[in-house]
Engineer: 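Encoded as structure tokens, here's the structure I'll be asking about.
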Amino acid sequence: MPELPEVETTVRAISGFENSILEKIVIHNRSLRWEVDKDLEKLTANKRIYKISRRAKYIIIKLDVYSLMLHLGMSGKLRIQNKKDNYFKKHDHVEFVFKDKKIIFNDVRRFGSLHITKNINDHPLISNLGIEPLSRSFNKDYLHALTLDSKLNIKKLLMDQKKVVGVGNIYASESLFLASINPLRPAKKISLSECDDIIKAIKKVLKQAIKMGGTTLKDFYSADGSEGYFKLELNVYGLEDKPCKKCKRKIKRIVLGQRSTFFCENCQV
DNA sequence: CTGAGATCCTGTCTGC
DNA sequence: TGCAGACAGGATCTCA
């Protein structure tokens with residue numbers, strides 16, 4: 001489900017819990033993408049939260065010695081709830097309990113994960129990640145070097161988290177539309193100036209999506225319960241057979257690497 | 001090393 | 001209405 005803007009939106013929604021004391025973590029179902037560490041509850045009881053941040057699509061919660069890494073997978077979301085409202089929803093797996101409130105991790109499909117580790121950057125799921133798309137070092141030269149080295153088509157390359165993080169299926173399609181690049185193009189054949197177009201498009205799309213609270217297609221809600229309104233800005237994603245906003249021809253849907261991919265054959269070369 | 005395809009899981013929607 | 005099949009915001013793993 002969530003790509004960088006949705007994760008960022010979620011992080012911002014729970015940032016108010018920084019400096020709060022996490023009384024305890026209650027786990028109802030350890031069987032997520034990976035089995036949750038048996039010692040996690042013990043290691044996190046009555047710890048202050050120093051920092052809540054994002055790396056790639058991971059939510060990082062820094063305690064004293066340990067940090068938590070939470071990935072929302074395809075269907076995960078957080079929900080802030082008053083502690084006294086003691087209700088549960090189906091697929092509530094983890095509760096982060098504070099003095100008056102709790103944050104609940106709900107994940108229908110259980111592709112999400114929760115890890116505890118001392119040093120985030122040494123964790124194997126983090127250490128091999130590519131660079132942040134909104135950082136300065138994500139620029140045309142960086143991307144061009146990657147493309148020259150790759151046999152993938154450009155869309156698959158952009159979604160490869162080892163190369164650049166945070167771009168998922170929606171924003172890959174949307175960025176390539178803005179950059180007027182066909183998603184099927186072999187990465188190798190993308191010129192430096194086209195790389196520049198792609199970089200600018202990705203940054204623009206991600207920033208705008210964050211501003212609008214992410215994209216709610218059907219069931220993404222931020223932790224405060226609000227929807228993301230970037231859906232209204234989508235140009236191609238989920239719009240098969242609808243008229244292209246530039247040329248009015250029909251948007252095409254194809255499958256690349258088992259993922260739906262939307263683009264305009266006329267505008268994207 | 002790279003890249004393609006299968007796979008994890010539950011729910012919803014479409015078409016017969 | 002039932003039922004099969006496709007599809008869903010991700011990313012790891014297995015194998016060539």
Side-chain angles (χ1 to χ4, degrees), chain A residues 1-11 28-36 54-59 69-78 89-94 105-115 123-130 133 145-176 183-184 186-188 202 205-206 209-210 212-223 227-234 236-241 253-262:
Chain A
M1 160 172 90
E3 304 180 36
L4 185 149
E6 291 74 38
V7 178
E8 182 65 32
T9 298
T10 301
V11 164
H28 302 292
N29 185 358
R30 312 191 87 81
S31 133
L32 300 176
R33 174 71 201 264
W34 288 279
E35 198 79 4
V36 178
R54 178 190 60 73
R55 169 71 175 116
K57 296 174 191 169
Y58 288 89
I59 297 168
M69 300 161 42
L70 179 67
H71 197 294
L72 300 178
M74 203 80 141
S75 56
K77 42 189 171 279
L78 297 182
K89 295 190 176 179
K90 203 173 177 186
H91 309 298
D92 281 352
H93 301 314
V94 181
F105 174 53
N106 179 287
D107 184 5
V108 176
R109 293 175 70 183
R110 285 191 275 132
F111 291 165
S113 62
L114 176 62
H115 285 95
H123 195 282
L125 291 170
I126 299 279
S127 60
N128 294 317
L129 290 173
L146 286 181
T147 59
L148 291 176
D149 212 29
S150 173
K151 287 174 189 154
L152 300 172
N153 60 55
I154 185 63
K155 194 221 178 196
K156 284 207 77 178
L157 183 145
L158 294 178
M159 290 178 65
D160 184 345
Q161 305 294 304
K162 288 187 177 61
K163 302 192 164 71
V164 56
V165 301
V167 180
N169 206 31
I170 296 180
Y171 299 108
S173 277
E174 290 297 317
S175 301
L176 288 171
L184 288 161
K188 242 187 192 28
I202 289 175
V205 165
L206 293 180
I210 290 170
M212 307 197 69
T215 301
T216 297
L217 289 180
K218 46 186 309 204
D219 62 358
F220 170 74
Y221 296 94
S222 183
E227 283 184 47
Y229 293 98
F230 193 74
K231 184 179 183 183
L232 303 170
E233 308 284 313
L234 295 175
V236 288
Y237 188 87
L239 298 174
E240 184 181 14
D241 291 337
R253 172 182 175 273
I254 59 172
V255 176
L256 280 187
Q258 301 151 262
R259 311 300 298 277
S260 285
T261 302
F262 300 87

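Chain A is the first sequence line, chain B the second, and so forth, proteins listed ahead of strands; every chain is numbered from 1.
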Engineer: Parallel, tilted or perpendicular for A/Y58 and A/H71, by the 30°/60° rule?
Structural biologist: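 It falls in the perpendicular class, over 60°.
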Engineer: Measure CD/A/E240 against C1'/C/dA8 and give the value in whole Å, please.
Structural biologist: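 The answer, rounded to whole Å, is 15 Å.
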Engineer: Can you tell me if the side-chain N/O atoms of A/H71 get under 4.0 Å from OP1 or OP2 in C/dA11?
Structural biologist: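 True: A/H71 side-chain N/O within range (under 4.0 Å) of C/dA11 OP1/OP2.
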Engineer: Reckon A/K162 has a side-chain N or O less than 4.0 Å from the OP1 or OP2 of C/dA11?
Structural biologist: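 No.
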Engineer: Check this one for me: any side-chain N or O of A/K57 less than 4.0 Å away from OP1 or OP2 of C/dA11?
Structural biologist: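 Yes, A/K57 has a side-chain N/O under 4.0 Å of OP1/OP2 on C/dA11.
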Engineer: Given B/dA6, C/dA8, C/dA11, identify the nucleotide with an atom nearest to the side chain of A/S260.
Structural biologist: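 In terms of side-chain proximity for A/S260, the closest of B/dA6, C/dA8, C/dA11 is C/dA8.
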Engineer: How many whole angstroms separate atom CE of A/M159 from atom P of B/dG3?
Structural biologist: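 Rounded to whole Å, this separation is 15 Å.
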Engineer: Mind checking whether A/L129 and A/Q161 have side chains closer than 4.5 Å, heavy atoms only?
Structural biologist: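 With C-beta onward as the side chain, the pair touches.
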Engineer: Calculate the interatomic distance between A/N128 atom CG and C/dG10 atom C1'; express it in whole Å.
Structural biologist: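 For the pair A/N128 CG and C/dG10 C1', the rounded distance is 17 Å.
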Engineer: Which nucleotide, B/dA4, C/dG10, C/dC7, lies nearest any side-chain atom of A/R33?
Structural biologist: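 Selected nucleotide: C/dG10.
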Engineer: Using a heavy-atom cut-off of under 4.0 Å over every strand shown, decide if A/Q161 touches base, sugar-phosphate, or nothing.
Structural biologist: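 The answer is sugar-phosphate, as A/Q161 gets under 4.0 Å only of primed atoms, P, OP1 or OP2.
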Engineer: Between B/dA4 and A/Q258, counting only base atoms on the nucleotide and side-chain atoms on the residue, is there a donor-acceptor pair under 3.5 Å?
Structural biologist: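 No.
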Engineer: Do A/F220 and A/F230 make the cut of ring centroids closer than 6.0 angstrom?
Structural biologist: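 Judged by ring-centre distance (under 6.0 Å), A/F220 and A/F230 do not meet the cut-off.
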Engineer: Between atom CG in A/L256 and atom P in B/dG3, what is the gap in whole Å?
Structural biologist: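 Distance, rounded to whole Å: 14 Å.
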Engineer: Could you state the atom-to-atom distance from NZ of A/K77 to P of C/dG10 in whole Å?
Structural biologist: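 Result: 14 Å.
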Engineer: Are A/K155 and A/N169 linked by a side-chain donor-acceptor pair shorter than 3.5 Å?
Structural biologist: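 Indeed, the side chains of A/K155 and A/N169 share at least one donor-acceptor pair under 3.5 Å.
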Engineer: For A/E3 and A/Y171, indicate whether the former's side chain and the latter's backbone hold a donor-acceptor pair under 3.5 Å.
Structural biologist: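 Flag set: sc A/E3 to bb A/Y171 pair under 3.5 Å.
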Engineer: Given atom CE of A/M74 and atom C1' of C/dA11, what is their separation to the nearest angstrom?
Structural biologist: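 So the CE-C1' distance, A/M74 to C/dA11, works out to 9 Å.
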Engineer: Assign A/S113 to base, sugar-phosphate, or nothing according to its heavy-atom contacts below 4.0 angstrom with the strands shown.
Structural biologist: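 No contact at all - A/S113 keeps every heavy atom at 4.0 Å or more from the nucleic acid.
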Engineer: Show, in sequence, the C-alpha distance, side-chain angles and deciding distance for A/D107 and A/H91, and conclude whether the side chain to side chain contact (heavy atoms under 4.5 Å, CB included) test is met.
Structural biologist: CA-CA 6 Å; A/D107 184 5; A/H91 309 298; 5.9 Å; no
Engineer: What is the distance, rounded to the nearest whole Å, between atom CG of A/L129 and atom P of C/dG10?
Structural biologist: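 After rounding, the gap between these two atoms is 14 Å.
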Engineer: I need the CG-C1' distance between A/D160 and B/dG3, as an integer number of Å.
Structural biologist: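 So the two atoms are 10 Å apart, to the nearest Å.
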Engineer: Using a 4.0 Å heavy-atom cut-off, write out nucleotides 9-16 of chain B from 5' to 3' as B (base contacted by protein), S (sugar-phosphate only) or - (no contact).
Structural biologist: BBSS----
Engineer: Need the pair for B/dC9. Rule: Watson-Crick or G-U wobble, both distances under 3.5 Å, any strand; none if unpaired.
Structural biologist: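 WC or wobble partner does not exist here.
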Engineer: Kindly say whether A/G130 contributes a backbone atom to a donor-acceptor pair with the side chain of A/K162 at under 3.5 angstrom?
Structural biologist: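 Absent.
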